[in-house]
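Residue numbering restarts at 1 for every chain, and letters A, B, ... go by the order of the sequence lines.
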Amino acid sequence: MLEKRYEPKDIEKKWYDFWIEKDYFRAASKSDKPAYCIVIPPPNVTGSLHIGHALDITLQDIMIRWKRMSGFNTLWLPGTDHAGIATQNVVEKELQRQGTDRHKLGREKFIEKVWEWKKLYGGTIINQLKVMGASCDWSRERFTLDEGLSRAVREVFVRLYEEGLIYRGEYLINWCPRCHTALSDLEVEHEDKQGKLYYIKYNFTDQEGHITVATTRPETYLGDTAVAVNPEDERYRHLIGKKVRLPVINRDIPVIADDFVDSSFGTGAVKVTPAHDPNDFEIGKRHNLPFINILTGEGRMSEEAGPYKGQDRFECRKNVLKDLEDIGRLEKVTDHAMAVGHCYRCKTIVEPYLSKQWFVKIAPLAEEAIRAVKEGQVKIIPSGWENSYFDWMENIKDWCISRQIWWGHRIPVWYCRDCEEIIVSRETPAECKCGSAAPVQDDDVLDTWFSSALWPFSTLGWPDDTDDLKTFYPTSVLITGFDILFFWVARMMMMGLKFMKEEPFRHVYIHALIRDAEGQKMSKSKGNVVDPLKMTEKYGTDAFRFTLAAYAAQGRDIKFSEQRVEGYRHFLNKIWNVARFISMNVKEETEIVPVRKIYKGDLRTAPTLADRWIMSRLSSVIPEVGKSLEEYRFNDAAGALYQFIWHELCDWYVEMIKPELYGEDQESKKIAVSTLVHVFEVSLALLHPVMPFITEEIWQQLPRGKETESLCIRKYPSSGEGTEDREAERKMNVVMDAVTGIRNIRGELNLSPSLELQALIKASNNAEDILNENVAYIGKLARTKDVRIGREVHHPKNSASAVRPDMEIFIPLEGLFDIDAEIIRLTKEKGKVEEEIQFVGKKLSNENFVRKAPPAVVEENKLKYDEYMEKLKSIQNNIDKLDQWRKSDE
RNA sequence: AGGCGCGUAGCUCAGUGGGAGAGCGCUUCCUUGACACGGAAGAGGUCAGGGGUUCAAUACCCCUCGUGCCUACCA
């Protein structure tokens, strides 16, 4: 006997441990079964579970559990990402608290510290995945800095270098002065800001007058090496070649002509700072201008900034402006909207900064990755994301992969101390060609995303030719949010195609972003984050998972509301209670027969209409769920299960079989119980991928279904576990019509639910036998007695009426009857029917409709029209009767 | 600046070229032997606005308004 309420807490832990102990989640390196593989988007090792992960994990687990039950050799490969900058930041903060820093510690000691930290806290998020029920193969857990993965990173680096796809050079990159490292273009977040445009006067060196330039960053004038104008600009043409003198620092720079300059913007004259602006950098190269770096890596003014040396970049801006103003060189200031780049890790404003970095020449790789999607080897779902993918890939720029931090994959490049030799190698070289000993390794590490780009094959053992690789590559699907489409998905595509010659995954399913109930992006600073672990504690993991699945409609963001979780907890409660109902009615000694026998007619007693109907409904919900999952329509799968279990199984079927269960006839009881247990067991199996815990708990206590020792390895239901039965569904519809007709009268006339009603049903040929056969159901479900059914039934005095297809229902009410209320009720009903008739009639009288619409549609409308006319006639008759009685009573 | 998406019941959202559905909320009735985290009945919508294509548009096309996001080197 089950407890009165479902208490998720203990149960979840119990079953998760059981599954682990039984090793159900372990995949086989070699197997006759078809393979199904998902690699987890590795969360940051510093991270803790947020609601986005929860969604991600739930959807992946649904697919994995479903496929596992469906007979696939299933691998869900888990792991974490070393998250270079983020992790280094975390540990540095800790050092700061201890009154030290990484420089005092030195590189080696610092890295040791980080590993220690990882050992202590790195498992947090992994444990949280387990709380969510994730059925990962933990024996294959990976970390991007593992030895194996590091070997893959070196291999890739060296091969790309040898092919000329990795190069080193001095370019303008994005620099975070706080993290003290270069960032790739993607790692810069742009934020629209209302800024100012400052107009500065540069005086000519050899003549009177000035030229005015406009800039958003006045402090960079210290690094100006030219003023550029458009060669076509009449205003300035005569000034080309002249020199101007920079105020305060008194450096002379030329006025040059360049097509880049937009004459309509600002004054049409641009100050050129080649070392601090991407456009100016290009101009500087074209015109061979000097590159003056006025900043340090900390974002302070350098030696080159003259009197401003040592000032913070923003402080310097203030001072520069004040000085320019003082000497009358600041012509004016206007408002100007602009986008400012911030570091995606620490939100500091980034600087375009000149430095020597490593880059991947990426266009050739992108080409293949574009083709893979265009030619359909990889399908992106929903397909709308393909556009973004192509857009980015087609305009891709070289990828800056070196980072000036310590935590990460050290770049496998060594420099000789004695000659110019650069050694790029898989192994640490002992000496240089020139004989010099112990070359020095490059100080920098690689972008974390460089290693995650290899994730789908490095985790499977590459560069070795492993069985795992043979079995599971390409993986089946990648499930993730759109926010890392470029960061990660696109890069995995490029690397996978390059090194495996095959796409890393067949499908990419992009899910929604979860926002708060007001539609705001969740963020710690806004304080509107929903903690998934709190949800699991409060409502149980299953209710939370079901909610996420039900929310996961394609192509729309999720506005998360806790109320909805609460609603689905009620669904869990409902399921729990059917289970209780079963446990109360199925005793140890109750005989349960396989449904096959019932439906093959092996038994003396035949299944009832209720049995046949629910089996037929089951046969249609099974493929519906399967198809929805196949198409990643998680919300549809959840909805179909909800509808079937609650509204069909519980609301109708369970109520209908109660007489059998409580009755004396053991034979019919056996059939009802057997069918009930079967349908419920199949329902649990269908639900299991979405709510693994409660289904396992109930299933283990169910009096049947122990062919396997756990639900999570039971065969996923196929439609054969139901029995399609059109006739039963047709008959059931007639019964339901009768029942809802009577309930409707009861409800609308406010008759007590406990009052037993008499009912007379005037049935058509079609319905008469069906109703007679099933009159017991009507009695039970509509709480009626003395139901009389026939073709010749007449409208008794003082009775309410309802018109349904194939039948007319009369409920004699005698003393309870309120004739006026009934007339109002019927008149309202009549009004509705008249509206329908008008609408359909208009269509049918439209010649074009009858001529051009498909015959089936026309026929359908004609039928509808006749039905409504029939209904109208009956209602009118009933109203007329009431009128007559009222008159005769007066 | 360019691109993408969204606007359907009070709220959150499904949905489809043939007069709209769910959950929650709301109203009325009900402790009937699984469940009040429940049951039964009901109210509630010019499917943002305007135009077009079509026999037929909430759905397809165009425009407007509102709203959200992504990409971008306009100083």
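Comparing A:K828 and A:S752, the nucleotide of RNA chain B nearest to each residue sits closer to the 5' end for A:S752. Mapped onto RNA chain B by nearest heavy atom, A:A579 and A:R746 fall at different nucleotides, with A:A579 at the one closer to the 5' end.
A salt bridge links A:K538 to A:E562: one of the charged nitrogens lies within less than 4.0 Å of a carboxylate oxygen. Contact check on A:R313 versus A:E219 returns no salt bridge, with no Lys/Arg side-chain nitrogen under 4.0 Å from an Asp/Glu carboxylate oxygen. Salt-bridge annotation for A:E624 and A:K627: absent, with no side-chain N of the basic residue lying under 4.0 Å from a carboxylate O of the acidic one. For the pair A:K864 and A:E867, the salt-bridge criterion is not met [side-chain N within less than 4.0 Å of a carboxylate O].
Of the side-chain N and O atoms in A:K864, none sit less than 4.0 angstrom from OP1 or OP2 of B:G19. OP1 or OP2 of B:G23 lies within a sub-4.0 Å distance of a side-chain N or O belonging to A:H647. OP1 or OP2 of B:G39 has at least one side-chain nitrogen or oxygen of A:W646 nearer than 4.0 Å. A close approach under 4.0 Å does not occur between any side-chain nitrogen or oxygen of A:K559 and OP1 or OP2 of B:C11. Between A:H570 and the phosphate of B:G38, there is a side-chain N or O to OP1/OP2 separation shorter than 4.0 Å. A:Y662 has a side-chain polar atom (N or O) that falls below the 4.0 Å cut-off from OP1 or OP2 of B:A34.
Residue A:V272 is out of contact with every strand shown, counting any heavy-atom pair closer than 4.0 Å. Using a 4.0 Å heavy-atom cutoff across all strands shown, A:R569 reaches at least one base atom of the nucleic acid. At a threshold of 4.0 angstrom between heavy atoms, the contacts of A:K780 with the nucleic acid are absent. Residue A:K832 is in sugar-phosphate contact alone, with no base atom involved, counting any heavy-atom pair closer than 4.0 Å across all strands shown. Residue contacts for A:F260: at a heavy-atom cut-off of 4.0 Å it reaches a base atom on one of the strands shown. At the heavy-atom level, A:E655 lies under 4.0 Å from base atoms of the strands shown. A:T216 comes within 4.0 angstrom of sugar-phosphate atoms only, judged by non-hydrogen atoms across all strands, and of no base. At a threshold of 4.0 angstrom between heavy atoms, the contacts of A:D651 are confined to the sugar-phosphate backbone, with no base atom among them.
A:N230 and A:D259 form no side-chain donor-acceptor contact under 3.5 Å, judged by distance and modelled atom types alone. If you check the side chains of A:Q838 and A:E834, you find no donor sitting under 3.5 Å from an acceptor. Side-chain contact check for A:Y6 and A:E697: no donor-acceptor pair (N or O, by modelled atom type) lies under 3.5 Å.
Figure legend. B:C4 is base-paired to B:G68; pairs are counted as Watson-Crick or G-U wobble with both atom distances under 3.5 Å. Taking a pair to require two hydrogen-bonding distances under 3.5 Å in either a Watson-Crick or a G-U wobble arrangement, B:C73 remains unpaired. Across every strand in view, B:A43 sits unpaired, with no contact that passes the Watson-Crick or G-U test at under 3.5 angstrom. If you check B:U32 for Watson-Crick or wobble pairing at under 3.5 angstrom, you find it has no partner at all. A 3.5 Å limit on both hydrogen-bonding distances identifies no Watson-Crick or G-U partner for B:U53. Nucleotide B:G10: paired with B:C24 (Watson-Crick or G-U wobble, both distances less than 3.5 Å).
The side-chain tip of A:K271 does not point at the ring of A:Y221 from less than 6.0 angstrom away and within 45° of straight on. A:R491 forms no cation-pi arrangement with A:F486, by the criterion of a distance under 6.0 Å to the ring centre and an angle within 45° of the ring axis.
Taking 3.5 Å as the limit, the base of B:A14 and the side chain of A:Q554 contain no donor-acceptor pair of atoms between them.
With both ends at atom P, the span from B:G3 to B:C63 equals 11 Å, rounded to whole Å. For B:G2 and B:U12, the P atoms lie 31 Å apart once the distance is rounded to whole Å. Of the P atoms belonging to B:A41 and B:G7, the separation is 31 Å, rounded to the nearest Å. One P atom belongs to B:G23, the other to B:C4, and the distance between them is 36 Å to the nearest Å. Taking atom P on both B:U67 and B:A75, the two are 25 Å apart, rounded to the nearest angstrom. Here, B:C65 and B:U58 have their P atoms 23 Å apart, quoted to the whole Å. B:G38 sits 48 Å from B:G50 when the C1' atoms are compared, rounded to a whole Å. Rounded to whole Å, the separation between the P atoms of B:U32 and B:U27 comes to 23 Å.
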Annotated protein contacts, base or backbone, on nucleotides 53-62 of chain B with a non-hydrogen cut-off under 4.0 Å, one of B, S, - each: --B-------
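Comparing atom distances between the A:H190 side chain and each of B:C73, B:C35, B:A75 picks out B:C73 as nearest. Side chain of A:R633, nearest nucleotide from B:G15, B:G18, B:A75: B:G15. When distances run from any side-chain atom of A:F482 to the nucleotides B:G23, B:C69, B:G18, the shortest one goes to B:C69. Of the candidate nucleotides B:C24, B:A75, B:C29, B:A75 has the atom lying nearest to any side-chain atom of A:D262. Distances were taken from every side-chain heavy atom of A:F839 (C-beta onward) to each of B:U12, B:G19, B:C37; the shortest belongs to B:G19.
We find that CD1 of A:I558 is positioned 9 Å from P of B:A14, with the value rounded to whole Å. Atoms CG (A:D185) and C1' (B:C73) sit 10 Å apart, rounded to a whole Å. If you take CD of A:E219 and P of B:A75, they are 14 Å apart, rounded to a whole angstrom. The distance from atom CZ of A:F571 to atom C1' of B:C24 is 16 Å, rounded to the nearest whole Å. For A:D557 and B:C4, the CG to C1' distance is 12 Å, given to the nearest whole Å. Note: CZ (A:F560) to P (B:C11) measures 20 Å, nearest angstrom. For the pair A:M656 CE and B:G39 P, the interatomic distance rounds to 17 Å; values are reported in whole Å. Across the protein-nucleic acid pair, A:L485 atom CG and B:U71 atom P stand 10 Å apart, rounded to whole Å.
Heavy atoms from other residues, nucleotides or ligands lying under 6.0 Å from NZ of A:K785 number 12 at most.
Put simply, the side chain of A:N744 reaches to within 4.5 Å of the side chain of A:R825, judged on heavy atoms. Inter-residue side-chain proximity for A:T215 and A:Y199 is flagged as unmet; no heavy-atom pair is nearer than 4.5 Å.
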